[in-house]
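Here is the structure we will look at.
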There are 2 protein chains.
Amino acid sequence: MELGDFRAEFDDALARNECLSFFCSCEIAYSGRAEAHLAQGDRMIFIKNDNTLLIHQPVGSAPINYMKAGGHITLKPVSGNGQKYLHLKCVTADLKEYLDVQIFRVHTFMHHKLEDGAKQELAGNERDMSDMLKENPHLISDDFKPLSREEHTKFGFIDVFGHDKKGNLVIVECKRYTAGLDAVTQLRRYVEKIEELKGVKNVKGILAAPTISPNAKEMLEKWGFSFKAVEPPMRLDRFNKSQKSLVDW
Amino acid sequence: MELGDFRAEFDDALARNECLSFFCSCEIAYSGRAEAHLAQGDRMIFIKNDNTLLIHQPVGSAPINYMKAGGHITLKPVSGNGQKYLHLKCVTADLKEYLDVQIFRVHTFMHHKLEDGAKQELAGNERDMSDMLKENPHLISDDFKPLSREEHTKFGFIDVFGHDKKGNLVIVECKRYTAGLDAVTQLRRYVEKIEELKGVKNVKGILAAPTISPNAKEMLEKWGFSFKAVEPPMRLDRFNKSQKSLVDW
DNA sequence: TACTACATCTCGCAT
DNA sequence: ATGCGAGGTGTAGTA
């Protein structure tokens, strides 16, 4: 696609607040929270309604460059060093971040006004897991009595909080995947804070997750906490519902 | 765009391992690490060389749905309930994750073979910050003598490790942004492990970051550690280099 | 492969 | 706005 034509259509689409996407050959520089440079190559570039700008290489999940919503976007022709190219620029409102793209060739370009008010519903996150543990305390232990869930304190928030028959306070930290060292330190922080706050010493810490890493287990036991193997809820759902069709959710 | 035409062109482009991007009206279901559903609306869909699949709503940085590289992608026509649509499906090789997209309308479509072997150079990450502190130990204190950087141990890795003139071991944990509770617990874990490993008690913990949150500071001081205000390196670079042009990196 | 921590993390929620 | 933690986190580095 000829660069002049591209520029005219780009500006027009941008002015109408459409979404834009194009494949191009470009070179990229970013300056802001870090400094980055990417040599010339083919990429796909997206610009959204809110001026979010995403640049993707032909492989990988994460964008190689991006600017968050609200940036100021411009596209200017440049002639220099015997070559012509377009300079796509995006600057944040506070002028702290810059993205500069030298566009040498545009392979294909499309733009359209997109309408979408839908929000994704999601099941099987950590919140659902703590719900499950509060509703099914036997998954933790026979004498666990949950009192609250997602208790917010100024030093963090506790997934499930309760007590046992022996009068111990019990704090449960749950993770959907293999619990690591960070999960243990997090649990420890909560336990110590509750002990301090309530002025007691009989606070039990329980880490509930499908699995735990060896080092984390070692540290957990050293601190007198315990691990309880618990599957995250949506895995159980799928097992129980035996292959219901995915399209009709 | 007519759905039949789209399908033919889609299959052809996919077979040739091109990158594909299109705007469409669709409804989405995901099942795998969680269960998700997104009602009908306009989105942009990307498919990369490695079968990475990304779906973006018209606003926001993160994809609303995605499948990582290596999935098996198919597009089939469906007639049912008096309506016709296309069923875009992506399944991981281990069959543990499914993405199902009902495509009701395709607004625009493009595809092209992208060639890109470039890798991004990036400066100003945490590694650069620990480098800076090792090279300029006075940023920590006048008597800090660094010994190693990014020391890997089985219980985590320490950003900068050294000692002072009084013979204390010194562990520096650095963060590029405001240090929070997690940074303090991380530092504490390293300090305690080193004390245990070396059988000593004189290990000083220092948290180096541009700022620290109030709760984190409270916890830091309670544990006898200290905070040192340090700017991440690339901010200094920009200040020192006084506005060098961004395009010529 | 598993484990660990960073990320220009992003996002949501609560203060 | 800031603080805090989850995320279908993704990604890199290492044992």
Side-chain angles (χ1 to χ4, degrees), chain A residues 30-36 52-55 60-69 92 96-99 119-120 122-130 150 152-159 173-183 186 189-190 211-217 232 234-235, chain B residues 30-36 52 54 59-69 92 96-99 119-120 122-130 150-159 173-183 186 189-190 211-217 232 234-235:
Chain A
Y30 164 79
S31 176
R33 285 176 284 181
E35 307 281 331
T52 296
L53 194 160
L54 301 170
I55 303 180
S61 299
I64 191 65
N65 283 109
Y66 60 92
M67 292 287 279
K68 290 201 285 194
T92 54
K96 285 185 179 168
E97 293 182 77
Y98 297 81
L99 186 70
K119 288 212 189 319
Q120 181 152 252
L122 197 141
N125 52 16
E126 196 181 271
R127 189 195 155 106
D128 289 334
M129 188 167 173
S130 61
E150 308 248 313
H152 275 260
T153 66
K154 75 162 192 174
F155 41 87
F157 84 47
I158 292 165
D159 290 335
E173 170 64 29
C174 54
K175 293 289 167 196
R176 300 175 54 218
Y177 304 109
T178 303
L181 294 169
D182 56 338
Q186 202 175 335
R189 171 150 52 91
Y190 298 155
T211 50
I212 185 169
S213 74
N215 288 333
K217 188 152 198 286
M234 114 278 167
R235 298 192 190 180
Chain B
Y30 163 80
S31 176
R33 285 176 286 182
E35 307 281 331
T52 296
L54 301 170
V59 294
S61 299
I64 191 65
N65 282 109
Y66 59 91
M67 292 288 278
K68 290 203 283 193
T92 53
K96 285 184 178 168
E97 294 182 80
Y98 296 80
L99 186 70
K119 289 214 187 318
Q120 182 152 249
L122 197 142
N125 52 16
E126 198 181 88
R127 190 194 155 109
D128 291 333
M129 188 168 173
S130 62
E150 307 247 312
E151 176 123 346
H152 278 257
T153 67
K154 75 163 194 173
F155 42 85
F157 75 63
I158 293 165
D159 290 335
E173 170 65 28
C174 54
K175 292 290 167 195
R176 299 175 54 218
Y177 304 111
T178 303
L181 294 169
D182 55 339
Q186 204 175 332
R189 169 154 48 95
Y190 299 154
T211 50
I212 185 168
S213 75
N215 287 336
K217 188 154 199 286
M234 114 278 167
R235 297 193 190 180

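Because the structure is a prediction, the values reported are computed rather than measured. Residue numbers start from 1 in every chain, and the chains themselves are labelled A, B, ... in the order their sequence lines are given, proteins ahead of strands. Any value given below was found using the heavy atoms of this structure, including those in side chains, with hydrogens, waters and symmetry copies removed.
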Phosphate OP1/OP2 of C:dC9 contacted by B:R176 side-chain N/O (<4.0 Å): yes
Heavy-atom donor-acceptor pair, B:D182 side-chain to D:dG5 base, under 3.5 Å: no
Distance test, side-chain N/O of B:N215 to OP1/OP2 of D:dC4, below 4.0 Å: yes
Check: B:T211/B:T178 side-chain N/O donor and acceptor closer than 3.5 Å: yes
Same-atom distance (C1') from C:dA7 to C:dC11, integer angstrom: 14 Å
A:Y30 ring over C:dT8 six-membered base ring, under 5.5 Å and 30°: yes
Closest listed nucleotide, where the reference is the side chain of A:A62 and the choices are D:dG10, D:dA6, C:dA7: D:dG10
Touch class at under 4.0 angstrom, heavy-atom based, for B:I212 against every strand present: nothing
Touch class at under 4.0 angstrom, heavy-atom based, for A:G60 against every strand present: sugar-phosphate
Within-4.5 Å side-chain heavy-atom neighbours: A:K175 and A:I212: no
N or O in side chain of A:S213 less than 4.0 angstrom from C:dT4 OP1/OP2: yes
Nucleotide nearest A:P214 (side chain, heavy atoms from C-beta), chosen from D:dG5, C:dC6, C:dC3: C:dC3
Min side-chain heavy-atom separation B:L54-A:L54 under 4.5 Å: no
Same-atom distance (C1') from C:dT10 to C:dC6, integer angstrom: 14 Å
Straight-line distance of B:D182 CG to A:R189 CZ, nearest 0.5 Å: 6.5 Å
D:dT11 OP1/OP2 closer than 4.0 Å to side-chain N/O of A:S61: yes
B:R127 side-chain N/O to B:E150 backbone N/O, donor-acceptor pair under 3.5 Å: no
Side-chain donor or acceptor of B:Y190 paired with backbone N/O of B:F157 under 3.5 Å: yes
B:E151 CD - C:dA5 P separation (whole Å): 14 Å
Whole-Å gap separating C1' (C:dG12) and CZ (A:R127): 11 Å
Closest nucleotide among C:dC6, C:dT8, D:dG8 to the A:L122 side chain: D:dG8
Nearest-Å distance for atom pair CE/C1', residues B:M67 and D:dT9: 15 Å
side-chain N/O A:K175 vs D:dA6 OP1/OP2, d < 4.0 Å: yes
Closest to side chain of B:H152, choosing from D:dT14, D:dG10, C:dA5: D:dT14
Rounded distance in Å - CD1 (B:I64) to P (C:dC11): 9 Å
Any B:R33 side-chain nitrogen or oxygen under 4.0 Å from OP1 or OP2 of D:dG10: yes
Under-3.5 Å donor-acceptor pair between B:E97 side chain and D:dG8 base: yes
Nearest-angstrom distance, P atom, D:dG8 to D:dC4: 22 Å
d(CD1, A:I158; P, D:dC4) in whole Å: 15 Å
Closest listed nucleotide, where the reference is the side chain of B:Q186 and the choices are D:dG8, C:dC6, D:dG5: C:dC6
Interatomic distance, B:N65 CG vs D:dT9 C1' [rounded to whole Å]: 13 Å
OP1 or OP2 of D:dG10 under 4.0 Å from side-chain N/O of B:K68: yes
Whole-Å gap separating C1' (D:dT14) and CG (A:L181): 15 Å
A:F157 CZ - D:dG5 C1' separation (whole Å): 6 Å
Given DNA chain C, 5'-ward residue of the pair A:A216 and A:L99, judged by closest heavy atom: A:A216
Nearest-neighbour nucleotide for the A:Y177 side chain, D:dG8, C:dC9, D:dG5 considered: D:dG8
side-chain N/O B:Y66 vs D:dG7 OP1/OP2, d < 4.0 Å: no
Rounded distance in Å between the C1' positions of D:dA6 and D:dG10: 14 Å
A:Q186 side chain vs A:E173 backbone, donor-acceptor pair below 3.5 Å: no
Sugar-phosphate only, base, or nothing, as touched by B:E173 at under 4.0 Å among non-hydrogen atoms: sugar-phosphate
